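For reference, the structure is listed below as structure tokens.
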Amino acid sequence: MDNNFKLSTIPYKRFTIEEFKKRGREILKEFKEASSGEEQFSVHKKYYQLIQEMMTTKILVQLRHDGDVTDKFYEEEQDYYDEISPKVESFDTEYKKQLYNSKFRPYLEEKIGSIAFKDIEFNLKSFNDSIISLKQEENSLTSQYAKLIAQIKIDFRGENLNLSLLSKYKTSKDRNVRIEATEARNKALSEIQDKFDDIYDKLVKNRTKQAQMLGYKNYVELGYYNMGRTTYGINEVRKLRDQVKKYLVPFADKIHEERKKRLGLNKLDAIDEGIYFKEGNPAPYGTADDIFKAGKKMYSELSPETNEFFNFMLDHELFDVLGRTNKAAGGYMDMLFTYKAPIIFANFNGTNHDVHVITHESGHAFQGYITRNDEIMEHNNIKMETAEIHSMSMEFFTDKWAELFFKDKANDFVKLHFEDSITFIPYGCMVDEFQETIYSKPELTKEERRSVWQDLERQYRPYLNFEHDTFSGEGRRWQLQTHIFMSPFYYIDYAIAQTCALQFKIKMDENYEDAWAKYLAFCKESAKDSLQNMLRNVGLNSPFDENYIKNIISVLEKNIK
């Protein structure tokens, strides 16, 4: 591997399914013929090197396709991996069966960990060759959705904008601009909103059929297996959502009442949801280069580990964050395993979201960086709620440096961050309950699905009105929530993680250095144990404890007094 690589110049060569299977069969044969647990473990590391090569190639294609969805070459490459991914999963399932049933399993379990074998059990429950064609269709549908979102063009005040670039106008301090921007967005969406319904309808039918073919009543159970939730299930999540409705929604309402007073409004409309101060939300000063310069200083002062990490990211140009017209929406972090390098994809748009990229996504990337040399790949098979704790907690740890980005508006940003963290949790739970309802009742019509969303809005966000946002008022807001289409049952992980990040905030308010040491230890745990145990190991409570939300709120209420 070239240690002087840059993200933009990494060479690409298609990793064919034929090559993958050929090498995979050779490794599988060697695994079966191994005469000891030690030999099998050595072969196992070869197999995961193969998996890492395939994953690195796929991620590189996704990154370049997302960077320009009109690039025909990478569009075709993305289509290719959409097609072969279930075939890779099929072979991976065959290999994992051998690993799971190995006569040397006690030795392997000691080396790899019991959680890893529980993960394998869930992998085997969530896939077999009977659903390959359905998985291929599912991949194609999600790619259609991503492309549809990316190609939305909004004519606004002489500019041709995508959804990300319109955000600065939707959070303008001028309410009339927010209304105008929302109307322009809704006009563009009105031309394709039925396509969203059609794609989702096909996805619900597809995923329901996958579940039925694997012997499940509906996709809810299969979805949880897909997410690898080995230490908690739907009942624990339901109880957490109930706690949020009982304790956190009223607390969020208090925050919204304070916000209404600051904004001088009698009621909050959907167009006001993203605005926190009458004079406007704090925006970072300067250019993208200035943001990175501030980020470099921040991470150099936070810890030796973060200093090394951020310099690595800059030296290898591992950020693709500047907004472009044909760029896919959203943001994410992933790992180029072959290069032991995290990458960050996002869309800078001139709002405080740009700093969010440097803190939230860098929280993901930092954790990936400090564990990148672990030879046990299973230790990096991080569940999404754990990964989001890394990122959301990093946001709170970096609040100390808000002045570098926002200067005299630093306190406003910290206040916005805290309030947004609280008020997000009901929305995260609402997205999750929506998905559970939809997949429990796949026979619902498109109109009935929108009614389900409207009902949940009244339960989780009773403060919100839709006078100036007809798209959202019709129960269509979920159509822009990419996770609902792309990653079913992912979204509750954000809500779970945010509550854990708030625990880190409470600890850092008491003793910042001790809290950072606990956070660093939590990051290094990676996926070696259950979420509940890893949290308790660093002095945090499990999100599924009784009165968990009530106890957190009782401490945090002082922040709004």
Side-chain angles (χ1 to χ4, degrees), residues 232 235-262 268 276 385-386 388-400 402 411-433 456 459-464 491-519 521-522 530-561:
Y232 65 92
N235 290 330
E236 286 81 2
V237 169
R238 286 170 182 160
K239 289 176 182 177
L240 178 64
R241 292 195 314 235
D242 287 343
Q243 284 193 57
V244 167
K245 287 179 185 177
K246 186 174 181 180
Y247 299 112
L248 205 145
V249 168
F251 183 52
D253 279 348
K254 291 181 184 179
I255 291 174
H256 291 306
E257 282 299 315
E258 289 297 313
R259 186 149 66 108
K260 279 197 303 185
K261 292 176 185 177
R262 287 202 301 269
L268 282 176
Y276 285 80
E385 81 287 295
T386 305
E388 297 304 339
I389 295 171
H390 301 147
S391 58
M392 290 176 164
S393 300
M394 181 66 86
E395 293 178 47
F396 283 119
F397 279 108
T398 53
D399 273 349
K400 281 181 63 175
N411 288 338
D412 284 352
F413 172 76
V414 172
K415 187 176 184 64
L416 180 157
H417 177 210
F418 172 73
E419 293 185 358
D420 187 59
S421 298
I422 295 293
T423 57
F424 164 78
I425 295 170
Y427 176 75
C429 290
M430 181 177 75
V431 169
D432 185 68
E433 188 167 345
L456 291 171
Q459 295 179 51
Y460 284 102
R461 306 201 294 175
Y463 63 89
L464 203 57
Y491 216 70
I492 191 63
D493 295 315
Y494 288 117
I496 292 171
Q498 191 66 275
T499 68
C500 295
L502 288 166
Q503 288 191 80
F504 271 119
K505 174 178 168 48
I506 291 169
K507 294 222 175 267
M508 71 182 74
D509 287 345
E510 296 169 351
N511 185 321
Y512 186 91
E513 288 73 21
D514 182 63
W516 174 257
K518 286 179 166 58
Y519 171 77
F522 181 76
S530 69
L531 169 67
Q532 295 93 318
N533 285 343
M534 290 192 296
L535 289 170
R536 291 183 178 119
N537 288 345
V538 296
L540 272 62
N541 296 320
S542 164
F544 310 114
D545 290 347
E546 189 175 357
N547 293 323
Y548 171 74
I549 296 293
K550 181 181 180 182
N551 293 337
I552 289 177
I553 296 305
S554 68
V555 178
L556 292 177
E557 279 183 320
K558 64 183 180 183
N559 286 274
I560 64 167
K561 290 180 180 178

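These figures come from a predicted structure and were not determined experimentally. This chain uses plain numbering: 1 for the first residue, then up along the sequence.
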Could you tell me whether the side chain of [Y] reaches within less than 4.5 Å of the side chain of [X], counting heavy atoms only?
X    : Y    : result
I422 : L502 : yes
Q459 : L456 : yes
Y460 : R241 : yes
F396 : H417 : yes
L531 : S542 : no
Q503 : I552 : yes

[X] and [Y] aromatic centres sub-6.0 Å:
X    : Y    : answer
Y463 : Y427 : no
F522 : Y519 : no
Y512 : F397 : yes

Taking all non-hydrogen atoms of both residues into account, name the closest pair between [X] and [Y] and its distance.
X    : Y    : result
K260 : L268 : CG-CG, 3.5 Å
C500 : Y548 : N-OH, 3.5 Å
R262 : K415 : NH1-CE, 3.1 Å
A252 : T423 : CB-CG2, 4.1 Å
Q243 : N547 : OE1-C, 3.6 Å

Please check if any side-chain donor atom of N533 sits under 3.5 Å from a side-chain acceptor atom of R536, or the reverse.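 Note: N533 and R536 side chains miss the donor-acceptor criterion.
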Looking only at side-chain N and O atoms, does D420 offer a donor or acceptor that is under 3.5 Å from a partner on Y276? yes
Gap between atom CG of L416 and atom CG of N411 - 0.5 Å precision: 12.5 Å
Measure the spacing between CD1 of I496 and CG of D432 and express it to the nearest 0.5 Å.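 Atom-to-atom, I496:CD1 and D432:CG are 8.0 Å apart.
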Carboxylate-amine/guanidinium contact [X] [Y], below 4.0 Å:
X    : Y    : answer
K518 : D514 : yes
K254 : E257 : no
K245 : E433 : yes

Considering the options L535, I549, I389, V237, which one meets the side chain to side chain contact (heavy atoms under 4.5 Å, CB included) requirement together with P543?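 It is L535; the other options fail the test.
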Could you please spell out the steps behind the side-chain contact (heavy atoms from CB on, under 4.5 Å) verdict for L540 and K507? CA-CA 9 Å; L540 272 62; K507 294 222 175 267; 3.8 Å; yes
Once you measure the plane-to-plane angle for F418 and F251, does it fall in the parallel (<30°), tilted (30-60°) or perpendicular (>60°) bin? perpendicular
In sequence, state the C-alpha distance, the side-chain angles, and the governing distance for R238 and N235, and then conclude on side-chain contact (heavy atoms from CB on, under 4.5 Å). CA-CA 5 Å; R238 286 170 182 160; N235 290 330; 3.2 Å; yes
Apply the test side-chain contact (heavy atoms from CB on, under 4.5 Å) to residues M392 and F504: give CA-CA distance (whole Å), side-chain angles for both, the deciding distance (0.1 Å), then the verdict. CA-CA 10 Å; M392 290 176 164; F504 271 119; over 6 Å; no
Please check: side-chain N/O of T398 versus main-chain N/O of E395, any donor-acceptor pairing under 3.5 Å? yes
Output, in order, the C-alpha distance, side-chain angles, deciding distance and verdict of side-chain contact (heavy atoms from CB on, under 4.5 Å) for Y494 and S391. CA-CA 10 Å; Y494 288 117; S391 58; over 6 Å; no
